[in-house]
> 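Sending over a structure as structure tokens; questions will come in a sec.
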2 protein chains.
Amino acid sequence: MPTDRIRDHGGQGAPTVAAHRTRRRLRADQARQLADVLRRQLLTGGFPAGALPHESALATDYRASRNTVRQALDLLRAEGLVERLPGVGTVVVAEKYPHGLDRLMGLAETLREHGRVTNEVRTVGPAPAPAPVAERLHVPPGSDVLYIERLRRLNGLPLSLDLTYLPLDVGSALLGCDLENTDVFRLLEDLTGQPLGHAEITLEAVNADAHSAAVLQAPRGAAVLMLERLTHLADGRPVDLEFIRFRGDRITMSGLLRRDL
Amino acid sequence: MPTDRIRDHGGQGAPTVAAHRTRRRLRADQARQLADVLRRQLLTGGFPAGALPHESALATDYRASRNTVRQALDLLRAEGLVERLPGVGTVVVAEKYPHGLDRLMGLAETLREHGRVTNEVRTVGPAPAPAPVAERLHVPPGSDVLYIERLRRLNGLPLSLDLTYLPLDVGSALLGCDLENTDVFRLLEDLTGQPLGHAEITLEAVNADAHSAAVLQAPRGAAVLMLERLTHLADGRPVDLEFIRFRGDRITMSGLLRRDL
């Protein structure tokens, strides 16, 4: 190892290597710190012209070295949030959209002001419910449920891959509906004549497997925000179990938590 | 391309290749569908002995082919949730812990029943607040805030990397506290004599950069659940801004959403 060789050459080598390592670690830590602050700025429209200040201005503003600024911008570029344009500088290219965590809403509903949601229905039809699905939807195990698989797009860009299970009495009425252009949530409320009540959700970050990545047109291994959601009607009946993979580079989820319930 | 060559050989080739492709896509879709159902089972203790049923039993139970079952188990293995032990079968090795999304809680508090949280304090000390941080914490830009960087572990396993900013009047009192073993939330309530009020949170899924991955002892590019959280005291004052990277393979976030607010 090079380190050993340097150490072997005499007393001077080791501290120099150690100091170099500490500097590099310190710079990486500072770059992440700066990147986190800039990330929020750029995701919330903090750079209205869509261009970040010049590296030297960022270095002054954030009391960081030029090298740290460059490394922070590299981190944001690797995430697909900024790009470097020759002669222009660093520009915001993030296409991340905010999904509310405070209220139960369908995708088209929550992203209304950001554009149009369209759904490519990959599969739709009755299928026997696996036991854990049947249990959660309160239907007999093995009985048919409606299974829907949709690739959802915002303004044409792939956003999420949704696997949906619905009890057949509710689900079969959906078969004649415009699933391409309408949230299942809205259809459920129209068809049942009652509003939705609540949903239990679980969120995870996972690396996309090769096939899911291909469907979402994302690189293999891309970070995916995985949402599992069981939605109930206002009368408490569970009617919609979904497994949703959101492209991590296209969605943020925001909400408010309280200390006392 | 092989496809063209096969097509050139005569009329039989093309449909066979197309049929093969359709079958493969179909099986990948079915494998994901099965993996999603099994994932939930194994994360919620649905396989009490920690072992999954034999492949043939899963194939029967889920009306899937053996190949589909194998592919679904491959997906779960790639996520680090199960492992295959020769002579034993497929066993659950997931170490994912549930973090509540319903109530504002510190890590040690929310994971109390799962073990002991310890914090390796990587950095702690006053630092000039970057303008966006100063703005959110309601302190003058450029004034000092307390910066803390912690690698947090559950039962010794790296769980998250937390970057924390606190106003100096509150923060400096924390310097004498046991940051290694205590949530900042609990210390804030002890020191200010008032409970926390609420927090604005944003969740994202990102691929870990090389340095963050190394700190978290995760593979480069590993999916990370990134949480940004601004916490306020009960009187409304913002006191704690955090940027948290959770290892995606170690945490799930669960909560309840309502349709009407």
Side-chain angles (χ1 to χ4, degrees), chain A residues 28-29 31-34 36-37 40-41 46 61-63 75 78-79 96 101-104 122-123 128 130-133 147 149 163 195-207 209 211-212 221-226 228 234 243 246 248 251-261, chain B residues 28-29 31-34 36-37 40-41 46 61-63 75 78-79 96 101-104 122-123 128 130-133 147 149 163 195-207 209 211-212 221-226 228 234 243 246 248 251-261:
Chain A
D29 284 342
R32 175 177 44 233
Q33 215 180 320
L34 176 54
D36 282 354
V37 172
R40 182 188 154 86
Q41 291 280 92
D61 287 356
Y62 292 95
R63 306 180 194 218
L75 291 176
E79 267 193 62
K96 282 191 109 149
L101 264 181
D102 285 324
R103 204 191 144 209
L104 181 59
R122 293 166 47 88
T123 308
V133 171
Y147 177 70
E149 199 173 300
L163 280 49
L196 299 174
H198 71 279
E200 291 123 31
I201 65 162
T202 299
L203 280 167
E204 299 172 70
V206 301
N207 291 97
D209 62 276
H211 185 65
S212 300
V224 157
L225 194 60
M226 175 120 190
E228 202 216 272
F243 299 88
F246 286 103
I251 209 95
T252 67
M253 300 240 170
S254 295
L256 196 137
L257 302 186
R258 299 191 175 281
R259 183 67 164 159
D260 52 6
L261 281 177
Chain B
D29 285 341
R32 177 177 42 235
Q33 214 180 320
L34 175 55
D36 283 354
V37 172
R40 181 186 155 86
Q41 291 280 92
D61 286 356
Y62 291 94
R63 303 179 199 221
L75 292 176
E79 269 194 60
K96 284 191 108 149
L101 262 182
D102 285 324
R103 202 190 146 210
L104 182 57
R122 293 165 48 87
T123 307
V133 171
Y147 178 70
E149 201 173 300
L163 281 49
L196 298 173
H198 70 279
E200 291 122 31
I201 66 162
T202 298
L203 281 167
E204 298 172 71
V206 301
N207 291 97
D209 62 275
H211 186 65
S212 300
V224 156
L225 194 59
M226 173 122 190
E228 202 216 271
F243 299 88
F246 286 102
I251 210 95
T252 68
M253 301 240 170
S254 294
L256 196 137
L257 301 186
R258 297 191 176 280
R259 183 67 165 160
D260 53 4
L261 283 175

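Just so it is clear, the model here is predicted, and its values are computed rather than measured. Protein chains get the first letters and strands the later ones, always in sequence-line order, with residue 1 at the start of each.
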> Could you grab the distance from atom CD of E200(B) to atom CG of L257(A), nearest 0.5 Å is fine?
10.0 Å
> Atom CG in L203(B), atom CD1 in I251(A): separation rounded to 0.5 Å?
12.0 Å
> Against chain A, label V224(B) side chain, backbone, both or neither, depending on which of its atoms sit under 4.5 Å from a heavy atom there.
backbone
> Between G255(B), P130(B), G248(B), which shows the greatest number of heavy-atom pairs under 4.5 Å with chain A?
G255(B)
> Hey, does E149(A) have a side-chain heavy atom less than 4.5 Å from the side chain of R32(B)?
yes
> Counting only non-hydrogen atoms closer than 4.5 Å, does F246(A) touch chain B with its backbone (N, CA, C, O), its side chain (CB onward), both, or neither?
neither
> Counting only non-hydrogen atoms closer than 4.5 Å, does I201(A) touch chain B with its backbone (N, CA, C, O), its side chain (CB onward), both, or neither?
both
> Using a cut-off of under 4.5 Å on heavy-atom pairs, state which of A78(A), A131(A), P132(A) scores highest against chain B.
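If we count pairs closer than 4.5 Å to chain B, P132(A) comes out on top.
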> Under a 4.5 Å cutoff for heavy-atom pairs, which residue among V133(A), L104(A), D61(A), L34(A) has the most contacts with chain B?
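The candidate making the most pairs under 4.5 Å is L104(A).
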> Under 4.5 Å heavy-atom distance to chain B, tell me which part of L101(A) shows up: side chain, backbone, both or neither.
both
> Using the side chain to side chain donor-acceptor pair (under 3.5 Å) criterion, which residues pair with N207(B)? Sequence neighbours excluded.
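Here no residue qualifies.
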> Does any heavy atom of chain B fall under 4.5 Å from the side chain of L75(A), the backbone, both, or neither of them?
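It is the side chain, since no backbone atom gets that close.
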> Once side chain to side chain contact (heavy atoms under 4.5 Å, CB included) is applied, do any residues pair with A234(A), and if so which ones, sequence neighbours excluded?
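Per chain and number, A234(A) pairs via side chain to side chain contact (heavy atoms under 4.5 Å, CB included) with Q194(A), P195(A).
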> Which distance, rounded to the nearest 0.5 Å, do you find between the OG1 of T202(B) and the CZ of R40(A)?
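Separation between the atoms: 6.5 Å.
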> Identify which part of D36(B) has an atom lying under 4.5 Å from any heavy atom of chain A, answering side chain, backbone, both or neither.
both
> Heavy atoms only: give me the nearest A205(A)-K96(B) pair and the separation to one decimal.
O-NZ, 4.5 Å
> Out of curiosity, R103(A) CZ to D260(B) CG, how far, rounded to the nearest 0.5 Å?
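Going from the CZ atom of R103(A) to the CG atom of D260(B) covers 7.5 Å.
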> Distance from E204(A) atom CD to M253(B) atom CE, nearest 0.5 Å?
11.0 Å
> Can you tell me which portion of L196(B) sits under 4.5 Å from chain A's heavy atoms? Options are side chain, backbone, both or neither.
both
> Side chain, backbone, both or neither: which part of Q33(B) has a heavy atom under 4.5 Å from chain A?
both
> Is it the side chain or the backbone of A28(A) that comes within 4.5 Å of chain B heavy atoms, both, or neither?
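Interface part for A28(A): both.
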> Is the closest side-chain heavy-atom distance between M226(A) and E79(B) below 4.5 Å?
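Counting from C-beta outward, M226(A) and E79(B) never come under 4.5 Å.
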